[in-house]
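Please read these numbers as outputs of a predicted model, since none were measured by experiment. Each chain gets a letter, A, B and so on, in the order its sequence line appears, and its residues count up from 1.
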Amino acid sequence: MAKRRRAYFMDASYVVKKGRTYVALLLKGKKVVKLYYRYDPYFLVDGPVERKEEFLDIQAQKKNGRIASPIHVEEAEKYVGLEKKKLIKLYCREPSDVPAIKSQIPFPCFESSIPFVRRFIFDMQLSPFHVITYEREGREIKKIISVKEPKEAPQMETLSFDIETYNPMGAPREKKDPVIMISYRGRNKGVLTYKESSREFVESLENEKAVIERFSEIIAEENPDVIYGYNSANFDLPYLDARAKKLNARLMPGRFKGGMRSLRKGMINGYEIGGRVHFDLYPVMRFFGFIGLIKAQKFTLDAIAEEVLGKRKLDVKKEDIYQLWDQGGVDQLADYSIVDAELTYDLGENFLPLEMEMSSTAKIPLFQVTLSTSGQLVENLLMYHAAERKELIPRRPVGEAIYERLNAPIQGAFVKLPEPGIYENIAVLDFRGLYPSIIVSYNIDPGTLLEDGGENAYVSPTGAKFTKEKQGLVPVVLDYLVDMRSKIKSRLKTMDRSSAAYVKMNARSHALKILSNSFYGYLGYARSRYYSRPCAESVTAWGRKHIMDTIQKAEKAGFQVLYADTDSVFLIYEEKNQVRDFMNGINDSLPGKMELELEGFYTRGVFVSKKGGEARGAKKKYAMIEDDGRIKIRGFELVRRDWSDIAKDTQLKVLEAILKEGSKQKAVRIVRETIKELEKGTVPLEKLAIITQLKKDPTRYEIKSPELSAAKKMLKRGIPVERGTIISYVVGRKGASISEKAVPLELAEDYDVEYYVNNQVLPAVMKILKELGYDEYSMKVGGKQKSLDSFF
DNA sequence: GCCGGCTGCTTACCA
DNA sequence: ACTGGTAAGCAGCCGGCC
DNA sequence: ACAATTAAGTGTTCAGAA
């Protein structure tokens with residue numbers, strides 16, 4: 001007798017039993033259970049439908065030597081663009097038969113490289129963390145009745161962990177060097193080790209094997225749904241696995257006797273823990289750094305914890321760990337270790353809501369989402385909805401096609417050249433979600449693109465036509481995301497900011513934003529299934545058209561248009577209401593979802609000229625002050641890390657003097673004082689450090705540069721420098737070229753006054769002072785021994 | 001031999 | 001590892017000028 | 001208990017863990 005049940009859908013995998021394929025669903029109701037659903041893998045063939053039965057005769061040899069044949073064949077109908085197409089649907093006994101059988105077919109095959117579990121999620125239209133209602137008999141689900149969004153998110157049990165290893169030779173060697181500590185933080189926290197410690201949170205066990213086995217027990221006791229680590233997919237878990245094998249220790253971090261396995265998803269390594277979600281924060285932090293959600297130059301636990309939580313790791317050098325262990329520093333090491341586990345836990349709790357929303361929005365189980373790139377998120381969501389709309393999923397490009405795409409970049413946005421100067425009363429208007437709104441409003445999609453002719457269509461500035469007859473896949477999905485987000489945003493305003501519901505909804509809003517902002521990039525991404533040059537070109541072309549139209553109309557309405565970049569216009573206004581009226585007028589003329597918004601009013605702003613003689617304005621560099629005194633600075637040296645603090649601080653003070661006080665005398669005084677201080681030689685070296693990251697291995701550069709020269713000096717002293725190392729250097733007095741003079745901050749003893757005056761402070765401030773009428777001086781400043789001092 | 005101007009390589013920023 | 005547009009540093013080269 | 005070891009491809013890396 002079938003029982004009807006409800007539970008949260010957490011994750012899925014699959015098993016083959018007695019030659020039949022079952023999807024294994026991880027469900028969370030009162031308890032967490034694993035249940036099975038009979039489902040056959042399949043793929044589609046664009047071949048002779050009337051002779052479909054013949055495909056059953058295919059015999060394909062698999063890598064393991066076995067012979068695989070299709071088990072069933074039927075006809076399928078799918079949309080391709082606006083047309084319907086008949087295809088052959090070939091069912092296989094198990095997932096690994098698919099590639100083998102496909103390779104025997106002399107016709108184009110589709111949807112054969114979609115991982116089986118994803119396929120199942122598409123076909124059943126499941127969403128992670130939604131509630132499914134199902135009928136079960138024993139361990140088997142007979143029927144999925146419904147999939148619904150829950151009122152409340154499932155309560156996730158979480159645990160973080162971190163290991164310390166004995167490392168006398170630098171990097172620990174799995175075969176020889178033991179795990180000396182495991183720290184964890186969940187409902188309880190503690191450190192497992194096999195030496196005595198006075199710390200009350202330390203549990204001292206007999207040996208390494210006992211530590212590993214006790215860790216397994218703790219996981220079983222805490223029974224977490226999610227296990228956090230930091231780079232645990234590349235270090236902690238493989239290391240523990242290797243040590244457990246060597247010591248014959250039972251390491252059972254999974255549920256239902258599930259083991260662990262490593263996997264690669266593109267460039268990202270994952271380590272799967274059966275029955276639980278292994279959440280490695282490191283790749284997730286990289287992803288959030290990439291999309292600009294967090295601002296970080298390094299992705300070490302220490303740097304990220306500082307940036308996100310405002311907390312640091314304890315100060316123990318990795319190289320010293322084995323010495324602490326050997327020389328009675330167990331307490332100190334335990335303190336260090338537990339802080340790592342706590343920071344990892346805090347980071348995990350911080351980002352879990354967002355990742356869960358990413359998971360249910362993109363329809364990718366949580367573990368997979370933590371390993372996904374933007375392209376994969378968008379692609380998966382599009383495939384999910386393509387399945388829903390019965391559209392054929394395009395194949396992924398291979399080989400030459402990718403290079404062709406890479407070699408044909410698409411023209412991007414328009415940036416208006418600003419007239420340098422200092423201005424008052426600036427209004428900034430911008431298009432809300434410009435590219436997404438263009439895609440939706442003009443129905444831009446590879447499937448709605450009309451080859452030729454076509455009456456009822458949007459015609460892009462490039463000449464491409466998009467039908468108005470049927471809404472395309474990309475616009476439909478994007479429209480849904482954008483719409484959902486605006487509803488959530490208005491709901492958020494009425495909610496209690498400290499409530500759990502607010503945290504969840506806020507995370508969802510974020511997830512929706514991340515996804516919708518990736519769609520345009522995905523259309524122009526070389527490895528995209530839905531790549532379309534005409535689509536991507538049309539998006540930017542319409543973007544340029546709208547921004548230029550707006551500029552033109554603003555000028556016609558009597559505004560001076562100062563500047564514009566991609567989706568924003570900067571106007572000089574007299575009456576705020578005139579700006580609002582203008583904006584409303586534009587909005588009346590805009591199609592569909594497009595909307596111009598008021599970003600803000602600024603009382604004063606500085607636009608500078610580019611370096612070099614002529615007075616051409618610099619793009620992407622400006623500073624403005626709002627009514628309430630807040631300053632907005634873009635592109636200036638002072639927002640860049642590869643300029644010294646002395647130059648950046650001076651530039652900021654000069655800008656503040658001008659924007660806040662309108663005092664050019666004060667600005668000049670600041671510069672003079674700074675130069676005097678530099679000449680006195682009293683400026684601390686830290687304020688002179690220039691920070692640059694080496695993006696390549698130091699041996700792989702073709703050129704000389706100050707940062708590279710400083711890096712070489714570090715290497716000489718035995719300080720490790722590798723790709724990604726951030727170099728802080730000071731330009732000293734010894735040497736002919738700037739590169740020769742560059743010395744790593746920690747080794748610096750003096751500084752080159754002339755360099756800091758002429759190459760740091762003056763370039764940073766003269767661009768601004770020039771707009772105050774001091775431009776004739778800047779011409780002479782290039783000469784020898786001249787400092788600003790001599791001119792005032 | 002000195003310089004200005006240019007290019008190439010590089011980093012970091014804006015949208 | 002989603003897109004393109006932009007400033008600006010330093011090194012190194014070329015050509016013009018004295 | 002058994003048997004197999006799990007459907008993606010590019011190029012063959014990045015940077016993090018000790």
With respect to the phosphate group of [N], does any side-chain polar atom (N or O) of [X] fall under 4.0 Å of OP1 or OP2?
X      : N      : answer
A/R634 : B/dA15 : yes
A/K695 : B/dA12 : yes
A/R66  : D/dA4  : yes
A/K696 : B/dT10 : yes
A/Y622 : B/dA15 : yes

When we call it a touch if two heavy atoms are under 4.0 Å apart, what does [X] touch: a base, just sugar-phosphate, or nothing?
X      : answer
A/K704 : sugar-phosphate
A/L301 : sugar-phosphate
A/D162 : sugar-phosphate
A/K741 : nothing

Mutual orientation of the aromatic rings belonging to A/Y91 and A/Y42 [parallel < 30°, tilted 30-60°, perpendicular > 60°]: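 Tilted.
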
Along DNA chain D (nearest heavy atom to each residue), the more 5'-positioned of A/K313 and A/G724: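 Result of the comparison: A/G724.
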
Closest-nucleotide ordering on DNA chain D, the 5'-leading residue of A/V117 and A/N234: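 It is A/V117 whose nearest nucleotide is closer to the 5' end.
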
Candidates A/I294, A/L377, A/V369 - the one meeting side-chain contact (heavy atoms from CB on, under 4.5 Å) with A/F287: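 For A/F287, the side-chain contact (heavy atoms from CB on, under 4.5 Å) test succeeds with only one of A/I294, A/L377, A/V369, which is A/L377.
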
Distance check, [atom1] atoms only: [N] and [M], in whole angstrom units.
N      : M      : atom1 : result
D/dA18 : B/dC9  : C1'   : 35 Å
C/dA1  : D/dT12 : P     : 12 Å
B/dC13 : D/dT13 : P     : 27 Å

If only side-chain N and O atoms count, and only distance matters, is there a donor-acceptor pair under 3.5 Å linking [Y] with [X]?
X      : Y      : value
A/E722 : A/T725 : no
A/K313 : A/Y336 : yes
A/Y522 : A/E379 : yes

Rounding to an integer number of Å, can you tell me how far [X] [atom1] sits from [N] [atom2]?
X      : N      : atom1 : atom2 : result
A/I291 : B/dA15 : CD1   : C1'   : 15 Å
A/D642 : B/dT11 : CG    : P     : 10 Å
A/I364 : D/dA8  : CD1   : P     : 15 Å
A/E702 : B/dG8  : CD    : C1'   : 9 Å
A/I321 : D/dA18 : CD1   : C1'   : 5 Å
A/R395 : D/dG9  : CZ    : C1'   : 14 Å
A/Y239 : D/dG16 : OH    : P     : 20 Å
A/M260 : D/dT6  : CE    : C1'   : 18 Å

With a 6.0 Å cut-off on ring centres, are A/Y622 and A/F570 close enough?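 When the ring centroids of A/Y622 and A/F570 are compared, they turn out to be within the sub-6.0 Å range.
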
Ring centres of A/Y525 and A/Y531 under 6.0 Å apart?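 Ring centroids of A/Y525 and A/Y531 are no less than 6.0 Å from each other.
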
In dot-bracket form, 5' to 3', how is DNA chain D paired? Count Watson-Crick and G-U wobble pairs only if both distances fall under 3.5 Å, and write | where the partner sits on another strand. ..................

A/F414 six-ring centre to A/R544 NZ/CZ under 6.0 Å and within 45° of normal: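 Geometry flag: not set, cation outside 6.0 Å or 45°.
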
Which nucleotide, D/dG16, B/dA12, B/dT10, lies nearest any side-chain atom of A/I703?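 Closest of the options to the side chain of A/I703: B/dT10.
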
DNA chain C: A/L417 or A/Y435, which has the more 5' nearest nucleotide?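 The residue closer to the strand's 5' end, by nearest nucleotide, is A/Y435.
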
Nearest-nucleotide 5' precedence on DNA chain C, A/Y520 against A/E740: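 Result: A/Y520.
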
Nucleotide range of DNA chain C lying under 4.0 Å from chain A heavy atoms: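 Terminal contacting nucleotides, 5' to 3': C/dA1 to C/dG12.
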
Distance-only donor-acceptor test (3.5 Å): side chain A/R261, base D/dT5: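 Under the 3.5 Å cut-off, the side chain and the base do not form any donor-acceptor pair.
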
Would you kindly check whether a donor in the side chain of A/R396 faces an acceptor in the base of D/dA8, or vice versa, at under 3.5 angstrom?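 Answer is yes: a donor-acceptor pair is held.
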
